[in-house]
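Some notes on the structure that comes next.
Just so you know, these numbers come straight off a predicted model, no measurement behind them.
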Amino acid sequence: FFVFTEAVKVRFENIKLNNNDVKSYILRTESSSEITLKDAIMFNSTGGGVFMQSTSKLILDDGAEIHDCERENGGAVNMDSNNSSTTLEMMAGSSIHDCTASSKGGAVYAKSGSLIMKGGEITSCSAENGGGVYVENGASMTMSGGTISACTARQGGGIYANNGTITVSGGTLTGNTAAVEGGGVY
């Protein structure tokens, strides 16, 4: 199953999106798209969960779950855009878990744009760097709620920031580990 959106507003509710190990993303968002997942599950993709470009926005609402996805960067969500308007919002009751990246961001890779974590959880994800989240190139992460836990990496078990901005005003970082440095944040 593969969904491509461009310049639309879509809400997926009470649905399961399974990629059956096809080596492409389950969902790809492009310019001016706004996607909301509520009580929706995305899983089982060796091509990654969501690929975000341009000015797209993804909202993981209550009951949204992305799990068992993998990719080189951003096992669950790859924000590989050159546009600072790309946004991922995690709300209470959403979760990303058991995702892996061979390089950066087991759960989320943010090359640009903003990850806004108001709630939800990122747990049991892994990557070479940034087991939970990897933020770089001027991208930002704001965490006012939620939990990042049990994520592992060589550096930055929970969060890895490389020329990115991290603001934590709430939420919990717990039980994240790194083989070299930065169990919680690097």
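Taking each heavy atom of A150 and T123 in turn, the nearest pair found is CB-OG1, 4.0 Å. G157 and C151 make their closest contact through O-CB, 3.2 Å (heavy atoms, listed as atom of the first residue, atom of the second, distance). Considering every non-hydrogen atom in both C99 and G75, the closest pair reads CB-C, 4.3 Å. Across G48 and S45, no two heavy atoms sit closer than the pair O-OG, 2.8 Å. A pairwise comparison of heavy atoms in G130 and A153 identifies N-CB, 3.7 Å as the closest pair. Across all their heavy atoms, A110 and A139 have their closest contact at O-CB, 3.4 Å.
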(message) Assess the residue pair S126 and T152 against the criterion (side-chain hydrogen bond (donor to acceptor under 3.5 Å, both in side chains)); give the C-alpha distance rounded to whole Å, side-chain angles, the decisive distance to 0.1 Å, and a yes or no.
(response) CA-CA 5 Å; S126 63; T152 61; 4.5 Å; no
(request) Applying side chain to side chain contact (heavy atoms under 4.5 Å, CB included), run through L27 and L17 and close with a yes or a no. (result) CA-CA 9 Å; L27 176 64; L17 304 172; 5.6 Å; no
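Rounding to the nearest 0.5 Å places CD of E65 at 9.0 Å from CD of E121. Interatomic distance, M52 CE to R28 CZ, rounded to the nearest 0.5 Å: 12.5 Å. Atom CE of M42 and atom CZ of F12 lie 8.0 Å apart (nearest 0.5 Å). Atom OG in S103 sits 5.5 Å away from atom CD in E72 (nearest 0.5 Å). Taking CG of D68 as the start and CD1 of I41 as the end, the distance is 11.0 Å to the nearest 0.5 Å. Note that OG1 of T100 is 4.5 Å distant from CD of E70, once rounded to the nearest 0.5 Å.
The one candidate from N78, N129, D80 that meets the side-chain contact (heavy atoms from CB on, under 4.5 Å) condition with N73 is N78.
Inter-residue side-chain proximity for T167 and S140 is flagged as unmet; no heavy-atom pair is nearer than 4.5 Å. In this structure, L115 and V135 have side chains that are not in contact, with every pair of non-hydrogen atoms separated by 4.5 Å or more. The side-chain heavy atoms of V133 and M143, taken from C-beta on, include no pair separated by under 4.5 Å.
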N/O donor to acceptor pairs below 3.5 angstrom from side-chain atoms of residues 86-96, sequence neighbours left out:
from, atom 1, to, atom 2, distance (Å)
T86, OG1, S54, O, 2.2
T86, OG1, S81, OG, 3.4
T86, OG1, N83, O, 3.4
T87, OG1, S85, O, 3.2
E89, OE2, K57, NZ, 3.2
S94, OG, M91, O, 2.7

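No single ILVMFWY cluster, assembled from side-chain heavy atoms under 4.5 Å apart, contains both V168 and I116. Under a hydrophobic clustering in which Ile, Leu, Val, Met, Phe, Trp and Tyr are joined whenever their side-chain heavy atoms come within less than 4.5 Å, directly or via other members, L173 and Y134 fall into different clusters. Both M79 and I166 are members of a single hydrophobic cluster when ILVMFWY side chains are connected at heavy-atom separations under 4.5 Å. The hydrophobic cluster containing I148 does not contain Y160, counting ILVMFWY residues as joined when their side-chain heavy atoms lie under 4.5 angstrom apart, directly or transitively. One hydrophobic cluster holds both M117 and I35 under the rule that ILVMFWY side chains link at heavy-atom gaps under 4.5 Å.
By the salt bridge (Lys or Arg N to Asp or Glu O under 4.0 Å) test, K38 is found to be paired with no residue, residues two or more places apart in sequence or in another chain being considered. Residues that satisfy the salt bridge (Lys or Arg N to Asp or Glu O under 4.0 Å) test with E181, not counting sequence neighbours, are absent from this structure.
With 3.5 Å as the limit, one finds no donor-acceptor pair spanning the side chains of S169 and S144.
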